[in-house]
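These notes concern the structure reproduced below.
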There are 2 protein chains.
Amino acid sequence: MSKEVDVPAFRSQCPVAASLDLLGDKWSLVIVRDLMIGKRKYKDFQDSPEGIPTNILANRLRKLEGDGIIEKRPYQEKPVRYEYALTRKGADLLPVLQQLALWGHKHIPGSWSPPDWFLNAKPGDLPQEK
Amino acid sequence: MSKEVDVPAFRSQCPVAASLDLLGDKWSLVIVRDLMIGKRKYKDFQDSPEGIPTNILANRLRKLEGDGIIEKRPYQEKPVRYEYALTRKGADLLPVLQQLALWGHKHIPGSWSPPDWFLNAKPGDLPQEK
DNA sequence: ATGTAGACTTGCATATTGCAAGTGACTCAT
DNA sequence: ATGAGTCACTTGCAATATGCAAGTCTACAT
């Protein structure tokens, strides 16, 4: 079995469409959001209020890693436990999520206001690998 | 039959997650992009290089309209033909798509550079209804 | 009458999602 | 030294969504 990570064939060279080929689903950007707010372990992602199914979480972590958006590394042996972090490529999604959060807050009644630290942050401020 | 437009139950009140409840799929933002670059008719969307299947196009147009992101109106009778346009809510997605386009261009090899007019535009500049 | 165009709908196969339960490695309390 | 618990997943399977091809309906064009 090829471990279900295949090279993505982009639908077009449009940067919007190509980005959506990597991130255009209900869960990927939720995981990226969690990493931006400091979550790093599998359990942390599971505990988010959206309630991601565990098989989808495992699949998305693999995909995001395969696409170079996050990195996985063991932070302890015995038993081996992993943590995840954004790469620079992943941290660069901050402006996208900032704008998406602003849009949601403005147009979706009942959605929270994004915290100021989040809106004022820059990609380099985020916790990230390397 | 209830015409397959149901009221969305948001996964959480996080503005990122709630936005993705409306837009988190491979096609919705591609249609929004097309409207931003001036496309307005069903056929225009079909002809985009990504090649959206027609059943998905019809479904997404219905959903986006139901969520108040686009509007549909007949521009001629006999035979009746429709055109679509962004609402203000839809036009407000411009900063999201601008950032997504910048990210894609920076991190996805082979993706085009977004045109300057697109990067410099503001939501109010876009063709929109009302 | 025949052909073409626009805006869809329908049928059906494949792929993705979601839910529940299970697994394996280890730690900790009794 | 069991037994229970945690973490990071995997597996099975049903429900839903996506993708492809073809068909429909109305109207205009020849």
Side-chain angles (χ1 to χ4, degrees), chain A residues 1-6 8-12 17 20-31 34-35 39-66 70-85, chain B residues 1-6 8-12 17 20-31 34-35 39-66 70-85:
Chain A
M1 229 155 276
S2 61
K3 242 9 184 150
E4 69 180 283
V5 177
D6 54 332
F10 295 105
R11 287 173 294 177
S12 78
L20 291 171
D21 283 331
L22 301 183
L23 302 163
D25 66 78
K26 277 177 62 178
W27 292 109
S28 297
L29 288 177
V30 169
I31 295 172
D34 278 352
L35 285 162
K39 300 191 178 189
R40 15 216 73 240
K41 308 200 218 134
Y42 198 91
K43 185 76 172 8
D44 296 335
F45 306 129
Q46 267 194 80
D47 292 343
S48 284
E50 291 80 15
I52 185 169
T54 79
N55 56 341
I56 305 223
L57 175 54
N59 175 276
R60 287 305 184 282
L61 289 172
R62 221 170 4 244
K63 272 196 189 159
L64 289 170
E65 196 191 359
I70 67 176
E71 285 187 13
K72 176 190 195 173
R73 70 145 200 256
Y75 65 93
Q76 67 166 48
E77 319 278 317
K78 308 171 67 52
V80 61
R81 292 284 180 268
Y82 300 101
E83 67 177 5
Y84 297 88
Chain B
M1 226 155 279
S2 60
K3 244 359 185 160
E4 68 180 285
V5 178
D6 54 331
F10 295 107
R11 288 173 292 177
S12 77
L20 292 171
D21 283 332
L22 301 183
L23 302 164
D25 67 79
K26 278 176 61 178
W27 292 110
S28 297
L29 288 177
V30 169
I31 294 172
D34 278 353
L35 285 161
K39 300 193 177 190
R40 14 219 68 233
K41 309 202 216 130
Y42 197 91
K43 186 77 173 10
D44 296 335
F45 306 128
Q46 269 193 80
D47 292 343
S48 285
E50 291 81 16
I52 186 169
T54 77
N55 56 342
I56 306 228
L57 175 55
N59 173 276
R60 288 306 184 281
L61 289 172
R62 221 170 3 243
K63 272 195 189 161
L64 289 169
E65 196 192 0
I70 67 175
E71 285 188 12
K72 176 189 194 173
R73 71 145 201 255
Y75 65 93
Q76 67 164 50
E77 318 277 316
K78 305 170 73 46
V80 60
R81 290 284 180 269
Y82 299 101
E83 68 178 4
Y84 296 88

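No experiment lies behind these values; they were computed from the predicted model shown.
Partners of A:K39 under the side chain to side chain donor-acceptor pair (under 3.5 Å) rule, at least two apart in sequence or in another chain, are A:S48. When the salt bridge (charged side-chain N to carboxylate O under 4.0 Å, His left out) test is applied to A:E65, no partner is found at least two apart in sequence or on another chain. Under the rule for a side chain to side chain donor-acceptor pair (under 3.5 Å), the partners of B:E83 that lie at least two apart in sequence or sit in another chain are B:R73. Under the rule for a salt bridge (charged side-chain N to carboxylate O under 4.0 Å, His left out), A:D34 has no partner lying at least two apart in sequence or in another chain. With sequence neighbours excluded, the residues that form a side chain to side chain donor-acceptor pair (under 3.5 Å) with B:S12 are A:E50. For A:D47, the salt bridge (charged side-chain N to carboxylate O under 4.0 Å, His left out) test picks out A:K43, with sequence neighbours left out. By the salt bridge (charged side-chain N to carboxylate O under 4.0 Å, His left out) test, A:R40 is found to be paired with no residue, residues two or more places apart in sequence or in another chain being considered.
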Considering only nitrogen or oxygen atoms on both sides, find all protein atoms under 3.5 Å from nucleotides 23-30 of chain D and state each distance.
from   : atom 1 : to    : atom 2 : distance (Å)
D:dC28 : OP1    : B:K78 : O      : 2.8

Please produce a list of atom pairs where a protein N or O lies less than 3.5 Å from an N or O of nucleotides 14-17 of chain D.
none

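Rounded to whole angstrom, the span from the CG atom of A:L61 across to the C1' atom of D:dA8 amounts to 10 Å. The distance from atom CG of A:D44 to atom C1' of D:dC7 is 11 Å, rounded to the nearest whole Å. The distance from atom OH of B:Y82 to atom P of C:dT9 is 10 Å, rounded to the nearest whole Å. Residue B:D25 contributes atom CG, which lies 14 Å from atom C1' of C:dT17 at whole-angstrom precision. If you take CD1 of A:I56 and P of D:dT11, they are 16 Å apart, rounded to a whole angstrom. Remark: P of C:dA15 and NZ of B:K26 are 12 Å apart, rounded to the nearest angstrom. In this structure, CD of B:Q76 is placed 15 Å from P of C:dA5, rounded to the nearest angstrom. Distance B:N59 CG to D:dC20 P: 16 Å, rounded to the nearest Å.
The nucleotide whose nearest atom lies closest to any side-chain atom of A:R62 is, among D:dT10, D:dA8, C:dG6, D:dT10. Checking D:dC20, D:dA8, C:dT9 against every side-chain atom of B:Y42, the shortest atom distance belongs to C:dT9. With distances taken from any side-chain atom of B:K43 to the nucleotides C:dC8, C:dA7, C:dA20, the minimum falls on C:dA7.
Looking at residues 45-53 of chain A, you'll see that no heavy atom sits under 4.0 Å from any atom of DNA chain D.
Contact record, A:S28 with A:L64: O-CD1, 4.1 Å, taken as the closest heavy-atom pair.
Of the side-chain N and O atoms in A:W27, none sit less than 4.0 angstrom from OP1 or OP2 of C:dT16. The phosphate of C:dG6 has neither OP1 nor OP2 within less than 4.0 Å of any side-chain N or O from B:Y84. When the side-chain nitrogen and oxygen atoms of B:K72 are compared with OP1 and OP2 of C:dC8, one or more of them lie within a distance under 4.0 Å.
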Inset, instruction - Could you check A:L61 against A:F45 for side-chain contact (heavy atoms from CB on, under 4.5 Å), going step by step and ending with a plain yes or no? - result: CA-CA 10 Å; A:L61 289 172; A:F45 306 129; 4.1 Å; yes
